[in-house]
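See below for the structure under consideration.
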Amino acid sequence: MYFLSGWPKRLLCPPGSPAEAPFHVQSDPQRAFFAVLARARLSIWYSRPSVLIVTYKEPAKSSTQFGSYKQAEWRPDSTTIAVSTANGYILFFHITSSRGDKYLYEPVYPKGSPQMKGTPHFKEEQCVPALNLEMRKILDLQAPIMSLQSVLEDLLVATSDGLLHLIHWEGMTNGRKAINLCTVPFSVDLQSSRVGSFLGFADVHIRDMEYCATLDGFAVVFNDGKVGFITPVSSRFTAELHGVWSQDVVDGTCVAVNNKYRLMAFGCASGSVQVYTVDNTTGAMLLSHKLELTAKQYPDIWNKTGAVKLIRWSPDNSVVIVTWEYGGLSLWSVFGAQLICTLGGDFAYRSDGTKKDPLKINSMSWGAEGYHLWVISGLGSQDTEIEADLKNIVKQPSILLFQFIKSVLTVNPCMSNQEQVLLQGEDRLYLNYGEASQTQNPRRSSAHSEHKPSQEKSPFADGGLESQGLSTLLGHRHWHVVQISSTYLESNWPIRFSAIDKLGQNIAVVGKFGFAHYSLLTKKWKLFGNITQEQNMIVTGGLAWWNDFMVLACYNISDRQEELRVYLRTSNLDNAFAHVTKAQAETLLLSVFRDIVIVFRADCSICLYSIGRKSDGSNTTAGIQVLQEVSMSRYIPHPFLVVSVTLTSVSTENGITLKMPQQVRDAESIMLNLAGQLIMMQRDRSGPQIREKDNNPNQRKLVPFCPPVVLAQSVENVWTTFRANKQKRHLLEALWLSCGGAGMKVWLPLFPRDHRKPHSFLSQRIMLPFHINIYPLAVLFEDALVLGAVNDTLLYDSLYTRNSAREQLEVLFPFCVVERTSQIYLHHILRQLLVRNLGEQALLLAQSCAALPYFPHVLELMLHEVLEEEATSREPIPDPLLPTVAKFITEFPLFLQTVVHCARKTEYALWNYLFAAVGNPKDLFEECLMAQDLDTAASYLIILQNMEVPAVSRQHATLLFNTALEQGKWDLCRHMIRFLKAIGSGESETPPSTPTAQEPSSSGGFEFFRNRSISLSQSAENVPPSKFSLQKTLSMPSGPSGKRWSKDSDCAENMYIDMMLWRHARRLLEDVRLKDLGCFAAQLGFELISWLCKERTRAARVDNFVIALKRLHKDFLWPLPIIPASSISSPFKNGKYRTVGEQLLKSQSADPFINLEMDAGISNIQRSQSWFSNIGPTHQEIDTASSHGPQMQDAFLSPLSNKGDECSIGSATDLTESSSMVDGDWTMVDENFSTLSLTQSELEHISMELASKGPHKSQVQLRYLLHIFMEAGCLDWCVVIGLILRESSIISQVLVVAQSSEVDGEMLQNIKTGLHAVDRWASTDCPGYKPFLNIIKPQLQKLSEITEEQVQPDAFQPTAVGKTPEQTSPRAEDSRGSSSHGSIPQNEASSSSMISRKEEDITHGEEEETFQDGTYDCSVS
């Protein structure tokens, strides 16, 4: 409703002695002037600008006679001020404007500025008037004056001798006698007042009183603490008065009256405020609600505030401000919702945690429209601390101005059918217009600049809220702030009303005269071109938008006529373009429903108009016609009591929607908020309908309205919408009420299921109350959200450290900002329905909202709240709700995760109560596994671990681990490994902690090779020698937990885990799932090489080469080779090309594995570097040659052969990415390439070659696997990968290893039979493989020889067999941690052949290399 903004301002009063400091402030009825009293001074201040106009100083002689000034009261026309003094005098001061046309302050404009001084009312609006004060009359009442109150043309004065004086404003009693309170009969209600008792004490007098115009009487507080209400028997104040008193209040201190809601707020010595209303029938005083601080929110101060000192209702009667003897301010909505309190938080504590003294307030008064609160603070104790510093300084007295921002609903309630939150400040507007407010409505223009960033989202963003089309009216916390046009404000301050259109793109504001509007798209204001027209209209009943039109009710000053006007937004702001309809009486309220305008007038009548667009020629206007008038004078005692009037489609009959669908969303009823009572008048469809009016035959029939029915009490705001949505009928056809301290209520329709006939005994609507933590300002109907705003504070006192700065406002007060906030309410409604046994309705409602992104959270909140309440209740609950809620949640697929999330956010002590209602956690865990919801199952595991013995949790963990392995959920697998270890090492009490090491990215690939190395044109001489000291680690890098595994590998728990991992790896190999095997090893740090060595002749055998080949093609998305049509005449048949190409292929296939036998001799191999620094990219040309066929050889041969020794080392094939040509990076190709001219058929061949390769990522993965299998000595797998990559070099390499090492003869036999099987398959099913099989025929021949001879070369063993896992794994940990993410590019430009030798070998070793039989002969000195 109201929110503090910024810091308070300080107005300095003229310096004087402390005795002359002001202590009382009172605004005039128009709130333009403020009277400020000191002991012997009366000052008049102006409100805007806030300046002192005139001061009257009482001479010392008369001052001693009168005593010090006490209170001031203004005459209704602001021409006279009455001041009471301590010795019982009333002084009447007359205010006269000083001579002539003189002003105290005038605005000065630069030359040529558009503000011309010729405009009417210019002087009054923008200048500060010069005033004089003269004392006209002195009245002596001969007793101390307790209270002054202006009543119409009279001044009512209560004195301490128990008398009430009625004095005319001219200072005469007109012969009327004072009324003695002892003669006024008092009773509990008016019916028994004839026989009522009198107060009966001689010394009873009124301590404080205030007149209430709408109740026609006084709220009074007596000196003994009793409170009452005095009302005259007849219309005028005569001697005969009645009194009603409340039996409950005995410690009253002060009173304030709210005329609009007919409320009397009595402050009590206990610190609470009791708010009473008067019963219409009996006249008794009824307690409406209390305003009191709770121990929960303010534990250290709630009962120490002292008595209530002052209460002030805001000018629009929507909030009340309260202060106590102890100090502090608190702001409450009309029915008791607390908005602000300065006794807690940053108001009460400094940034270093020390407590501040509360602000003590002597007097306060609201400024115009409630934008300011004028406060005169008492001298608090904070002055004494620094008296030492300020002894010689006379402290200048001051007035504080607190600044407020308020919701537009306080003054323009027709905004309640909007979904925007609009706040209005003195010179700016705040609205919650977010980026995607466009998505909510398809008709929105997309021209908003805010809409653009959403298209540049990262590829991983799943759309989140945007994808749901959720309105970002709830999005971030910032407001869209619109500064009101200063030109308009200058002559029309203060802003009285504002309104925003349905789409949230246009805003209109109304000041003192006229109005202006602003477009959020063009960022421009539109004002009246003719300022006379603006100054000639006063908007009286608010304004509303209808499509592109502004509808407003105003008073035409020159014609003295009430009018209803419609202006088009797009045309110029001029009366020439307005449609004007004359009205009979002043319009107080206005609202638009669809194409109907409803107005409430000062004669208590409601009028309905139809509004329609009509265009005559070029200009479009809106036409307005009267539809229906309804007189409400029977039901409304005073027109000012009507807070809001709206037309809605809500009715008690839901049956209408079934019988007559065309009337579904018609204007069915009028909702009238009468002083907090919500009254509904429905159309009476029972009797005959009114005949059509003769003059307008095409007008629809209008049905009269039934007598009014009261729906609810204490209503502050009402929200309803006329949009229809079959899916969410519950939410859209409901009526939402905000009831202050009582929270919210919703009048919800109940629908029969599946169009069954409704039960006659069931109500068709139900009123459900619920509490929310924010003050509601708008309801998003489909999204089941309430939007609000909340005050937040920022401390800046640390900027001021000097002692003298302690008086700075920035130190005394925090800086206040307003933040947007929102809250879900769906769980409250579902719960209320379940309490009332309306589970079917709750289910219908919940299913309609199940698509909302926060629906899981709704179910969780409901379960959590019911659980907390019931499980912590001290008394047994006769009818617990938890089983019902649990049963309700099982209707949704989210049941399992809702329960486990709720359990994990609840303390352990409540788990038994929860699972007694929802089911055994073991069963729920198994349900999760069956539903394949592993993450939720993992959460249940933590619960099982706490509730069951370790053996049970281990059994369930094993189940989950195996399933996670199957599904490749690697993150979960890592957690499970840790969890199983924790159970094994006796940590069964604690849930597994989250890993601190950075885990490998689970994007499922081996994106290892991130950077290119030496380009072709760069010679190897430039590379520093250290680049060639290539190091190699043989074991697979292990995961984050590798270190721990190796440390306690003897532990049975690790053995248990390893067994499971081995079993899984075996299953993967048996199913030929190499890709999954690679992911599994990389993600879990599985020591693949050492395991493969053990399994070489068992699981790691290839049983069927053809099936393995097909499966790899499928898994790695690798296309099967095809023979190009042009291959018959292909130039590659040419012998020259072929021989050169084959020779190069062979020369390049001299993979380092040829030289592996050297490893046995070199014992001090450096093994600290990551394994894949070996396979980082080097020269790109080898791969290019092997993958693109021989057509490029001429270009490459010369540089290769000329470079000699140094180059040949670097140019051995590495297991790298595909060639640079594939990646479109042609710059690396040698310039000789241009000499090779390509014919059409050659190009075709190249493109065929390119098309027959799989994705780059797959190629990297295959080469990585090749490396692993080669190290482990699984030669049959190497052959399969060599076949799919179609690189004869790999096959040659396998042969070299087979010749020179102790390779099992059975394996070679297996390879031989396998290759024959592939050959047969290629002949029948896949001829594309034939060319490659022909190329490797010589190798096959050799293989046959080897298998026959069974050669056993000396002492080669794959190094991984020679080394045990215990030795390798610590190093593997290092390498994994450093480079598995590509986070540390160790292989930046290292040439990565796999030969490991010392640098010295390279530097002083002699190497002779010749091309001989397509292999290298390397001799090392």
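By convention here, the first residue in the shown sequence is residue 1. Only a predicted model underlies this, so the values are computations on that prediction, with no experimental measurement involved.
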Ion pair present between [X] and [Y], side-chain N to carboxylate O less than 4.0 angstrom?
X	Y	answer
Lys502	Glu419	no
Arg48	Glu490	no
Asp316	Lys406	yes

Checklist line | Worked verdict on Thr648 versus Glu668 for side chain to side chain donor-acceptor pair (under 3.5 Å) | finding: CA-CA 6 Å; Thr648 73; Glu668 275 306 312; over 6 Å; no
Margin query: Evaluate Glu563 against Thr581 for side chain to side chain donor-acceptor pair (under 3.5 Å), listing each step before the verdict.
Written below: CA-CA 6 Å; Glu563 295 174 342; Thr581 306; over 6 Å; no
Notebook entry, point to check: Which salt bridge (charged side-chain N to carboxylate O under 4.0 Å, His left out) pairs, counting each pair once, include a residue from residues 491-500, with sequence neighbours left out?
Noted result: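 Pairs touching residues 491-500 that pass the test: none.
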Item checked: salt bridge (charged side-chain N to carboxylate O under 4.0 Å, His left out) contacts touching residues 618-646 (sequence neighbours left out) ->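 Counting only pairs at least two positions apart or across chains, the salt bridge (charged side-chain N to carboxylate O under 4.0 Å, His left out) contacts touching residues 618-646 are Arg601-Glu629.
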Just checking, is any N or O donor in the side chain of [X] or [Y] under 3.5 Å from an acceptor N or O on the other one?
X	Y	answer
Asn717	Ser416	no
Tyr371	Gln424	yes
Ser333	Glu716	yes

If you take all heavy atoms of [X] and [Y], which pair is closest and at what distance?
X	Y	answer
Cys127	Glu106	SG-CG, 3.7 Å
Leu401	Ser50	CD2-OG, 3.8 Å
Ile53	Leu104	CA-CD2, 3.7 Å
Trp479	Leu431	CE3-C, 3.6 Å
Ser97	Leu131	CA-CD2, 4.1 Å
Arg569	Lys526	O-NZ, 3.1 Å

Do [X] and [Y] come within less than 4.5 Å of each other through their side chains, counting heavy atoms only?
X	Y	answer
Arg31	Pro315	yes
Leu588	Thr540	no
Met415	Ile500	yes
Val642	Met632	no
Leu735	Leu737	yes
Ile495	Val510	no
Ile507	His517	no
Phe593	Thr646	no

Next item on the list: Given side-chain contact (heavy atoms from CB on, under 4.5 Å), test Val408 with Leu423 step by step and report yes or no.
Entry: CA-CA 5 Å; Val408 63; Leu423 305 181; over 6 Å; no
Between [X] and [Y] (judged by ring centroids, cut-off 6.0 Å), do the two rings come close enough to count as a pair?
X	Y	answer
Phe497	Phe515	no
Trp313	Tyr261	no
Trp366	Phe404	yes
Tyr567	Phe577	no

Checklist line | Residue pairs passing the ring pair (Phe, Tyr, Trp, His ring centres under 6.0 Å) test where at least one lies in residues 603-624, sequence neighbours excluded | finding: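 Listed once each, the pairs would be none.
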Margin query: Please list all pairs meeting ring pair (Phe, Tyr, Trp, His ring centres under 6.0 Å) that have one or both residues in residues 539-566, counting only residues at least two apart or in different chains.
Written below: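 Only Trp546-Phe549 qualify under ring pair (Phe, Tyr, Trp, His ring centres under 6.0 Å).
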Check: Looking at residues at least two apart in the chain, or sitting in another chain, which of them share a ring-ring contact (aromatic ring centres under 6.0 Å, His included) with Trp525?
Finding: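 Scan of Trp525 (ring-ring contact (aromatic ring centres under 6.0 Å, His included), adjacent residues dropped) gives Tyr518.
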[X] side chain vs [Y] backbone, donor-acceptor pair below 3.5 Å:
X	Y	result
Asn575	Ala578	no
His579	Thr621	no
Tyr488	Gly514	yes

Item checked: Chi angles and distances behind the side chain to side chain donor-acceptor pair (under 3.5 Å) call for Glu534, Asn492 -> CA-CA 9 Å; Glu534 178 188 278; Asn492 296 293; 2.9 Å; yes
Check: Can you list the steps and then say if Gln533 with Asp574 is a side chain to side chain donor-acceptor pair (under 3.5 Å)?
Finding: CA-CA 8 Å; Gln533 291 183 3; Asp574 195 291; 3.3 Å; yes
Margin query: Assess the residue pair Val779 and Thr721 against the criterion (side-chain contact (heavy atoms from CB on, under 4.5 Å)); give the C-alpha distance rounded to whole Å, side-chain angles, the decisive distance to 0.1 Å, and a yes or no.
Written below: CA-CA 10 Å; Val779 176; Thr721 180; over 6 Å; no
Checklist line | Which residues share a side-chain contact (heavy atoms from CB on, under 4.5 Å) with Lys524, sequence neighbours left out | finding: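 Checked Lys524 against side-chain contact (heavy atoms from CB on, under 4.5 Å); matches are Thr522.
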Margin query: To the nearest 0.5 Å, what is the distance between CD1 on Ile624 and CD1 on Ile611?
Written below: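 These two atoms lie 4.5 Å from each other.
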